[in-house]
Amino acid sequence: MSIRYNEATKQFILETASTCYQIEIDELGFLHHLYYGPKTGQGDLAYRYRIYDHGFSGNPYDMRNNRAFSLDSMPQEYTSFGVGDFRVTSIRASCSDGSRCFEFRYSGHEIIDGKYAIPDLPSVYNNDDEVQTLVVSLIDGPANIAIRLYYGVFENLDVITRTAEIINWGHETVWLRKASSLCLELPFGSWDMIHFHGRHCMERQPERVPLFHGIHTLSSGRGMSSHQHNPFVILCDRTATEDSGACYGMMLMYSGNHKTEIELDQFDSVRVVMGVSDDRFRWELTPGASFRAPEVILSCADGLTQLSHRFHRVVRNNVCRGEYKLSHRPVLINNWEATYFDLNEEKIVALAQKAADIGVELFVLDDGWFKNRVDDNAGLGDWTPDTNKLPNGLDGLIKKINDMGLKFGLWVEPEMVNENSDLYRAHPDWAMTAPNRAPMMARNQLVLDLSREEVHEYIFDTLSGLLSKYNITYIKWDFNRPLADVYSHSTPSPRQGEVTHRYYLSLYRLYERLTKAFPHVLFEGCAGGGGRFDAGMLQYSPQIWCSDNTDPISRLTIQYGTSFGYPVSAIGAHVSATPNHQTGRLTPLSTRGTVAMMGAFGYELDMTKLSDEELEEMKGQIKRFKELEPMIHNGLYYRLSSMKESGHYFAWQFVAPDKSRSLLSIVVTNPLANSTPVHVRLKGLDSDAIYSVNGEFECTGSALMNAGYTFPQLTGDYPALQLDIIKVK
Ligand code: GLA
């Protein structure tokens, strides 16, 4: 039993294998957060709070004679405005009389076996895990608005999921202005925030900063989870390292506009509020209607490595779905950086043949294959093959590719439309554009208004038409511009604030229908590289193109940052040409291979221009990746270097689940003259076992983990080394 309720103390105790979460219903019915952290063996933790008189903080009416009782200084589970708590709030709404004050008090609870699901939204699901759900109901009497707080307790995964449902039980419409998924309080301690910011071609750059007083906001208003701020954040003790120290991770399972507010308040207490962004959000809640917030995956751990391992496990096993979630991911060749738009059947067939010869398993035909798509000015929306480029149609091309023993995959960008397309000419109102204004352009395209049912159906029909007609086993689903001038021509004006969230509800439903109808197809997500790299998308596409930047040296930081929250199997990573097309950097093929092997491995370059030696080396890489993939994707991943070392080198390690083998990788980003040798302490091995280190010598696991390993001096341009650590006894 992972959830208990103690009637005498009015406390909920939620326990996972190593953590505990405690909530108390206080004397007025407010839901008081008692504790989240390692298990303590102590049932009642209410002793940790003492109420001081905080003077200018407000007091609820029932406590008018007790100046010390104030919600402004109390850790809570979900907070509102108008009750004397002036910190970041979890919910904002306005009633028909214009009032915006709410006071949510306990009205009941349920403990249910199994994991709740959220209608219309992706959520963590249960395999054979021990899972229970706690639902606590709160109500604001005067407005008759209820909140149901959901806690999914995954005992063995050491994960708790959270979400909220807001229900209007009143007789008047209520306008929701904010409806967060999570409020988490860390009332004591001193904390650093680690977040993952970035830009196109430089996603998920990790940044660790001490919290200062005030509100830190991490958000995206771009209509996508974004290149700029990933919806994943860590709060860790200021002294925490990879190996120890309290670390809390919060991951929003959502791909649209999001916001995380982290407030360090006047009493040095931290509150985190996370959910759909409230900027430009306004949701009509008619009598009887409810709003469901997306899910947050929450975990706390001792050290950053343990926290990452917990997120890797839950995302890989309980977020990703479908046939490919745990199975082999085909090694692919993508033609984008080989041909860009300048493709034709002859070039594609030549490229595919080279790839087939060296062991590639899947050919992905990228952008440019459809009518009028000679550049990015036209064609999006009309998904019929360009017979000028492909005289034998897609069918003819796929047949040739299949005959080489390769599977076939196709790039699509179904949510978009060019003005120069038959679709736009027929349905200009299907695009999101603000009335009486010229549309905002990005990459010369507009976004289709997926909140409209006919657009949803059009995209479903188009994609299922392609998937039924052709032998396609993989889809790269791209999304190459933000939502800017958001406006739906079919939504009444007061409800325009719902459009972006409705867009995502429709997108998830679309993915749901397509993945059910075509279970054998592997979907890879993409948004100008990794602009929609989030747990929401990972429910449907178990891998996501991590970045349009394929330079292995840039990728080191991008993939390092991504690894804090997301499993290696989710990271689409390709070997590309040198000089690199984004940075112009020259790197050895072995380095490009080493970096791309930290992911779902593939190639993206013109193989017809390579020498026999290069092709031979690639053949070896493919063979090696196929052999190592079970460990790389199913094993544990360890970061052995920190951002401090990144100006010199990056080192990382994979360890098989049974610890029988490991792969140690290093890339030197800046060889230093006369420097101290790079020395790392390995992790995750069996202490008592003897390992062969690359066939060169034998050593105990304990020695490799405690005394460590010293790399030979690596010189030249960005050298890399992979070492096989294999258990011999
Ligand atoms: C985006 C993707 C690329 C490629 C191009 C095609 O930028 O991230 O991988 O597919 O679109 O236009």
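Both ligands and their constituent atoms are indexed starting at 1 by order of listing. Numbering of residues begins at 1 and proceeds along the displayed sequence. What you are looking at is a predicted structure, and each value in this text was computed from that prediction instead of being measured.
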Per-atom contacts, ligand 1 versus [X] - under 4.0 Å to a heavy atom:
X      : result
Arg443 : 6 (C), 11 (O), 12 (O)
Asn480 : 1 (C), 7 (O), 11 (O)
Gly529 : 8 (O)
Cys526 : 2 (C), 8 (O)

**Item:** Lys623: side chain to side chain contact (heavy atoms under 4.5 Å, CB included) partners, not counting sequence neighbours
**Value:** none

So which heavy atom in the protein is nearest [atom], and how far is it from that ligand atom?
atom                    : value
atom 1 (C) of ligand 1  : Asp478 OD2, 3.0 Å
atom 10 (O) of ligand 1 : Asp366 OD1, 2.6 Å
atom 7 (O) of ligand 1  : Asp548 OD2, 2.7 Å

**Asked** Which pair of non-hydrogen atoms, one from Asn335 and one from Asp366, has the smallest distance, and what is that distance?
**Response** OD1-N, 2.6 Å

**Request:** State, without any angle test, whether Arg532 and Ser255 hold a side-chain donor-acceptor pair at a distance under 3.5 Å.
**Result:** no

**Prompt:** Given Glu457, which of Arg509, Arg513, Arg452 fulfils the salt bridge (Lys or Arg N to Asp or Glu O under 4.0 Å) condition?
**Reply:** Arg513

**Asked** For Lys476, is the nearest heavy atom under 4.0 Å from an atom of ligand 1?
**Response** yes

**Asked** Looking only at heavy atoms of Glu524, does any of them come nearer than 4.0 Å to an atom of ligand 1?
**Response** no

**Request:** Tell me, please, whether Phe564 has Arg639 positioned over its six-membered ring: NZ or CZ under 6.0 Å from the ring centre and within 45 degrees of its axis?
**Result:** yes

**Near-ring test Trp411/Tyr474, centroid separation under 6.0 angstrom** = no

**Message:** Below 4.0 Å, non-hydrogen atoms only: which portion of Asp376 touches ligand 1? Side chain, backbone, both or neither.
**Reply:** neither

**Asked** Would you say Trp411 and ligand 1 have an N/O pair spaced under 3.5 Å apart?
**Response** yes

**Message:** What I want to know is whether Asp367 and ligand 1 share at least one N or O pair that is separated by under 3.5 angstrom.
**Reply:** yes

**Asked** Should Lys354 and Glu614 count as an ion pair when the cut-off is N to O under 4.0 Å?
**Response** no

**Request:** Kindly say whether Ala431 contributes a backbone atom to a donor-acceptor pair with the side chain of Asp449 at under 3.5 angstrom?
**Result:** no

